Amino acid sequence: MKLSKTISLTLLSLTLGSYLHAQNIQSLAGTWQFSLDPTDQGMKENWQDRSYDKTIALPGTTDEAQYGGKTCGSDFGILTRAYKYYGPAWYSREIEIPSEWNGKRIRMELERVLWESRVFVDGKEVSVQDALSTPHYHDLGYLSPGKHRLTIRINNDLIYNIGDKGHVYTEYTQSIWNGVVGRIQLKAIEPVHFSNPQVFTKVFPCSLQLMDTLMNTSSKKVDARITWQLTERESGAVVFTQVTEQLLQKGANVLNFKASMPEGIKLWNDVTPHLYQLKVTVRDKKKIYDTREIEFGFREVTTSKSKVLINGKPVFLRGNLDCVHFPLTGYPSCKVEDWEKIFRIYKDYGLNHVRFHSWCPPEAAFIAADRIGIYIQAETIWIDWWMSVEQKERKEMDTKGHPQGLGKNPSADRYVQQELTRMIDAYGNHPSFIMQCIGNELGNSDFEVMESWMKPLKEKDSRRLYATSTARKIMPLDQYMVTHYIDGLGGTRGLRGGASTAWDFEDVYSRSDIPILSHEIGQWPVYPKWEEIKKYTGVLKARNFEEFREQACKNKIEEQNEEFVAASGALNQIMYKYEIESFLRTPSCAGIQLLSMQDYQGRAKR
């Protein structure tokens with residue numbers, strides 16, 4: 001009876017915690033007042049005190065609202081934005097703070113912003129954030145109940161000198177949009193609250209550890225009661241409960257919870273992506289302060305000499321590159337269902353892995369990958385030697401800012417170090433997040449400097465594998481490498497042996513001391529399909545395809561389009577098959593990454 005009563009009280013506490021959590025959140029999605037600021041006069045003229053005569057829907061972008069310069073003609077080699085705008089834009093609306101939030105600190109979340117957001121409350125500036133890969137969290141302080149004017153200045157110009165060819169900030173695949181495209185909400189923070197709980201798992205034997213900082217901003221010590229409940233995500237079955245007590249001093253308090261798990265815990269991998277939900281509630285005798293729900297899986301990532309190991313077993317990573325191809329919106333989706341659809345297609349094609357080339361996706365992609373069973377590699381940047389100099393012969397390849405390599409570029413250095421840490425803090429609990437490196441082909445960077453950035457991350461958080469760069473150079477820190485060439489050993493991809501299948505790359509892969517994945521295999525072009533032009537109904541237009549079609553008309557071959565598409569597609573398939581099979585014949589190969597399954601928009605590739 002006593003045990004039953006304890007469990008019932010625990011469940012009631014957790015239920016109330018979820019209800020109170022919902023009551024402490026207010027969505028800001030909807031219509032906002034809006035104004036462009038093309039000459040950047042807003043800060044000088046105190047536009048935060050103005051009302052704006054235009055409106056815009058958030059989540060959304062200026063492109064979707066058709067603000068900015070209307071374009072004509074095509075951009076060379078890429079899709080073309082119908083409307084372009086670079087620079088500051090101002091968003092404003094009235095908010096109402098409920099009486100129940102009196103005495104609580106207010107935080108605003110802007111989930112996906114390009115690039116800098118500056119926030120004002122009642123005309124007073126309160127916060128500035130500039131992350132690209134993670135949400136912007138703005139501390140609005142303590143606001144009195146009633147109405148307030150909230151204004152956001154968003155600047156999509158080049159805030160740090162990282163160039164405009166890497167996929168995190170580019171017109172080449174997504175677009176350099178202005179707006180907010182994910183969650184927009186206020187949250188009331190209780191005096192006692194969690195900071196950023198991080199879950200660590202072991203599988204032999206199975207255990208769980210949660211580390212965080214519990215904040216107590218009240219005027220006194222708090223006798224806290226912390227309730228832990230672990231349930232299976234699919235069945236909802238409770239597999240573990242526990243209650244701990246902790247005296248919280250004023251200020252920051254270390255929370256370090258460890259527990260052995262009962263028998264029967266199901267492990268997470270790409271074949272059986274079993275997930276659990278950990279619900280943690282902190283309260284005292286009178287009230288519930290905070291509740292966090294964390295969806296995660298029990299898994300460990302390690303390596304052998306040549307393979308990535310998931311829960312001690314080797315896995316062959318069969319991956320695709322994601323270069324931010326969302327031509328209808330011009331930005332990546334922040335909806336879990338969209339990413340689940342994408343990753344189910346991956347699975348239908350036999351893939352289990354994705355490399356986000358020089359960018360990191362929104363949280364929705366990690367959630368979907370957790371549930372579908374996809375292994376993620378996330379990155380931050382792409383700066384190679386050719387981006388640092390003027391491209392006189394090929395003006396379309398000239399890179400804005402001519403950024404120098406990392407370790408020689410204080411602006412980009414500062415951004416990358418902050419972004420790497422932010423990515424781990426935001427997405428570290430996701431079992432799908434198994435690999436992280438700084439970026440793609442960082443050929444003119446200082447690798448010793450970059451390695452020094454990765455060392456503390458690797459030492460602090462062993463939940464994934466780390467590498468300094470994709471391709472170019474292998475460093476002692478690297479736990480894996482994705483590359484097309486290993487210095488001193490030779491190439492790791494390509495076509496050999498004519499029509500024969502009696503060859504592989506084992507002579508190269510077998511001499512590596514870490515797992516090697518083949519870098520950007522494929523890249524075989526196909527002929528563009530004119531029928532697809534009409535599918536570009538969103539913010540990005542296939543005007544380059546229209547020009548190609550006009551050229552085909554002049555050459556009197558337009559009517560042969562279907563035949564050219566079929567023939568080039570058949571050859572493309574043969575070449576992909578030929579190359580992929582060479583890695584399956586290579587015992588020491590750790591995996592492959594395709595460039596890519598989908599069209600590389602603007603280059604007519606498949």
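Keep in mind that the numbers below use all heavy atoms, side chains included, and drop hydrogens, waters and symmetry copies. In this text the structure is predicted, and so the values were computed from the model without any measurement.
Lys400 pairs by the salt bridge (Lys or Arg N to Asp or Glu O under 4.0 Å) definition with Asp157, not counting sequence neighbours. With sequence neighbours left out, Asp130 forms a side chain to side chain donor-acceptor pair (under 3.5 Å) with Tyr160.
Checked against the 6.0 Å centroid criterion, the rings of Trp268 and Tyr375 qualify as a close aromatic pair. Aromatic ring centroids of Phe326 and Trp177 lie 6.0 Å or more apart. Ring to ring, Tyr67 and Tyr85 are not that close: their centroids are 6.0 angstrom or more apart. Separation of the Trp47 and Phe120 ring centroids does not fall under the 6.0 Å cut-off.
Within the structure, the ring pair (Phe, Tyr, Trp, His ring centres under 6.0 Å) test picks out the following pairs touching residues 416-446 (sequence neighbours left out): Phe366-Tyr427, Phe366-His430, Phe366-Phe433.
At most 12 heavy atoms of other shown residues, nucleotides or ligands fall within 6.0 angstrom of atom NZ in Lys70.
Of the N and O atoms on the side chains of Asn178 and Tyr91, at least one donor lies less than 3.5 Å from an acceptor on the other residue. Side chains of Arg355 and Asn440: a donor-acceptor N/O pair is present below 3.5 angstrom, by distance only. At a cut-off of 3.5 Å, with distance as the only test, no side-chain donor of His167 or Gln174 sits close to an acceptor on the other residue. No hydrogens or angles considered: a donor-acceptor pair under 3.5 Å links the side chains of Ser133 and Glu419.
A donor-acceptor pair is defined here as one N or O able to donate and one able to accept, closer than 3.5 Å; no such pair exists between the side chain of Asn253 and the backbone of Met215. Within the 3.5 Å criterion, the main-chain N or O of Cys323 finds a donor-acceptor partner in the side chain of Thr173.
The residues Lys84 and Glu171 are annotated as not salt-bridged, no charged nitrogen and carboxylate oxygen being separated by less than 4.0 angstrom. Checked for salt-bridge contact, Lys165 and Asp384 miss the test: no charged N lies under 4.0 Å from a carboxylate O.
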